[in-house]
Structure formats: C-alpha cells, structure tokens
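Beneath this line is the structure, given in structure tokens, with notes to follow.
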There are 2 protein chains.
Amino acid sequence: MAAPAEKHDVFKAIADPTRREVLRLLSEDERPISEIVNHFDMSRTAVTKHLQILTEAELISGRKEGREKIYQLHPEPLTEVKQWLAYYEKFWCNKLAMLKHYVEKDNS
Amino acid sequence: MAAPAEKHDVFKAIADPTRREVLRLLSEDERPISEIVNHFDMSRTAVTKHLQILTEAELISGRKEGREKIYQLHPEPLTEVKQWLAYYEKFWCNKLAMLKHYVEKDNS
DNA sequence: TGAATATGTAACCATTTGGTTGTACGTTTA
DNA sequence: TAAACGTACAACCAAATGGTTACATATTCA
C-alpha cells in the first residue's frame with residue numbers, strides 16, 4: 001500500500017503559473033480537458049502535460065466519462081506547503097523571533 | 001521607486017529542495033557562503049547560483065563583511081505563498097465547501 | 001610581500017521543462 | 001457506417017535549470 005512516493009513534489013507542481021491557474025479553475029468546478037484548454041493560449045497537448053504533473057503531485061485527478069476526461073481538484077497535498085510555511089510564519093508574525101537575526105546588525 | 005518586479009518569483013524560488021534547505025539554515029542564523037556550502041554536497045559555484053535566485057526573490061540578502069559575504073533570511077515574500085494557500089484552505093478545512101465538488105460524483 | 005582564504009564569474013555541459021506538430025484511437029451522433 | 005468530437009501519445013525542439021571546472025579578484029595574516 002506504500003505509494004511510490006511523489007515523482008513530482010507539490011512544490012514543483014505549484015511553481016508554474018499555468019498550473020496554479022489550472023488549480024484555480026478546478027477549484028470553481030470540475031472540468032473536462034477541452035474546457036480547461038479554452039482558458040489558455042496554448043495547445044491541448046501542453047495543457048495535458050501540466051495536468052499530468054498536477055496528477056503526479058496528487059493535486060488533481062481525472063476520470064473518463066464517455067469520450068471526455070473530467071478533472072477535479074484534490075487540495076490535500078497543499079497541506080505540505082502549509083506546514084512548511086508555518087515554520088517561517090513566526091519570523092514575520094512574531095517580531096521577537098526576528099531579534100536574533102536583525103537587531104545587532106541592522107541598526108541603521 | 002517601482003521595483004523592476006521579481007525576475008524569479010517566490011514560487012519558483014522555493015520549488016527547489018536545496019534552496020528550501022538554505023532558507024532553513026538561514027532561519028537559524030545568518031551565515032557566510034563558505035559555511036552554507038559546507039552543508040551541501042555540491043560546489044560553491046552551484047550554491048552561489050541558488051543564493052542568487054533566492055536573492056532575486058528577495059528571500060535573502062547578502063552583505064560584504066571583510067572578505068566574507070554574509071547572507072540573512074528575509075521571510076516576508078513568503079506571505080505571497082501564504083495568501084495563495086489561504087484561498088485553498090477552505091477546501092480542506094471546511095468540508096461544506098467541498099460538497100459542490102465531491103458529493104454528487106464520488107458517492108461510492 | 002606573499003600565501004591562504006573567501007568570493008566572483010566565465011565557459012561549458014547534461015537534463016529537465018514547456019512548448020510544438022502529427023497521428024492514432026475510442027465515443028457520439030447524424 | 002461515416003463524420004465529428006475528445007483524448008492519447010510519439011517525436012521533436014528551444015530554452016531554462018542545476019551542475020561542473022578554471023581562473024580572477026579582494027582581503028587577511030604571517
């Protein structure tokens with residue numbers, strides 16, 4: 001049952017603006033590939049590749065329905081990013097935590 | 001005063017594991033390049049390139065001190081990621097928001 | 001001064017990324 | 001059945017990415 005791990009990690013997946021836009025589209029509603037393609041100025045093949053990368057990161061999944069393939073959002077893997085960010089939040093939310101880093105040197 | 005915008009956006013900057021590790025190191029304390037290099041199994045030149053990318057994303061900055069260049073963390077740009085994530089949090093924190101997406105189809 | 005240290009940078013390279021076109025295949029529908 | 005639709009996939013390509021080695025420059029210290 002051990003997943004073969006993520007070939008594409010979620011950080012790489014969300015690094016591309018096109019892929020972030022795909023996620024936004026799918027957050028509104030599930031959509032077939034052809035409909036997703038309409039939102040971009042690139043070929044269907046290019047969009048399909050982005051969908052594959054997002055699928056490998058398990059951020060989306062697609063199901064065949066007739067001749068269409070319908071993709072839907074799975075936001076859960078984004079928790080990894082959230083957890084990573086949480087560590088750094090203290091550095092900008094809690095000024096006290098920044099003292100160690102900035103006080104002595106940046107005294108201009 | 002208008003910044004020439006970010007050549008490297010923060011999403012690309014944090015996409016690389018090496019760069020995330022650099023951020024973690026600098027969150028502990030500011031460090032000269034040579035000390036950062038010691039933490040990795042790659043050349044100083046390679047590390048320097050990562051430092052440049054992080055600098056362009058304004059996640060770190062370096063100051064010359066004698067013959068050393070000392071880098072320190074600037075976590076502020078990460079707020080952009082946090083804001084982006086906030087939009088998707090409702091999809092995994094608030095089950096109700098997911099109804100529209102999953103209820104009708106995923107009824108197995 | 002001269003050696004050692006720390007960094008800057010040019011030139012190069014393999015692989016990945018992000019895109020293309022062309023063709024094939026399954027599904028509707030007239 | 002034949003045409004139209006939606007998708008899959010192979011082959012190809014330019015540019016970006018992530019790394020290297022080699023050499024130059026600036027600073028410290030014996």
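In the text below, chain A, chain B and the rest are named by the order of the sequence lines, each starting its count at 1.
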query = Can you find an N or O donor on one side and an acceptor on the other, under 3.5 Å apart, linking the side chain of A/S43 with the base of C/dT21?
reply = no
ask   = Out of D/dT7, C/dG19, C/dG18, which nucleotide sits closest to the side chain of A/E68?
value = D/dT7
ask   = Sub-3.5 Å donor-acceptor pair from the side chain of A/T55 to the main-chain atoms of A/E58, do we have one?
value = no
ask   = Do B/Y87 and A/S27 have side-chain N/O donor and acceptor atoms under 3.5 Å apart?
value = yes
query = CZ of A/R63 versus P of D/dT7: gap in Å, rounded?
reply = 12 Å
Along DNA chain C (nearest heavy atom to each residue), the more 5'-positioned of B/K49 and A/I53 = B/K49
key: Shortest side-chain distance from B/K69, nucleotide among D/dG19, C/dG19, C/dG8   = C/dG8
query = For B/H50, does its backbone N or O pair with a side-chain atom of B/R19 as donor and acceptor, under 3.5 Å?
reply = no
message = Can you say whether a donor on the side chain of A/T45 sits under 3.5 Å from an acceptor on the base of C/dT21, or the other way round?
response = yes
key: Whole-Å gap separating P (C/dG8) and CG (B/L51)   = 9 Å
Do any N or O atoms of the protein come closer than 3.5 Å to N or O atoms of nucleotides 28-30 of chain D, and which pairs are they?
none

No-H, no-angle donor-acceptor pair, B/R19 side chain to D/dG18 base, under 3.5 Å = no
key: Any B/L59 side-chain heavy atom under 4.5 Å of B/I14 side chain   = yes
task = Decide yes or no on salt bridge (charged side-chain N to carboxylate O under 4.0 Å, His left out) for A/E65 and A/K69, but give the supporting numbers first.
result = CA-CA 6 Å; A/E65 198 152 301; A/K69 187 160 184 182; over 6 Å; no
request  = Measure from the side chain of B/T18, starting at C-beta and using heavy atoms only, and say which of D/dA8, D/dG19, C/dT9 lies closest.
outcome  = D/dG19
request  = Look at the side-chain N and O atoms of B/H50 and state whether any lies under 4.0 Å from the OP1 or OP2 oxygen of D/dT17.
outcome  = no
task = Ignoring the backbone of B/T48, work out which of D/dT7, C/dG8, D/dG19 is nearest its side chain.
result = C/dG8
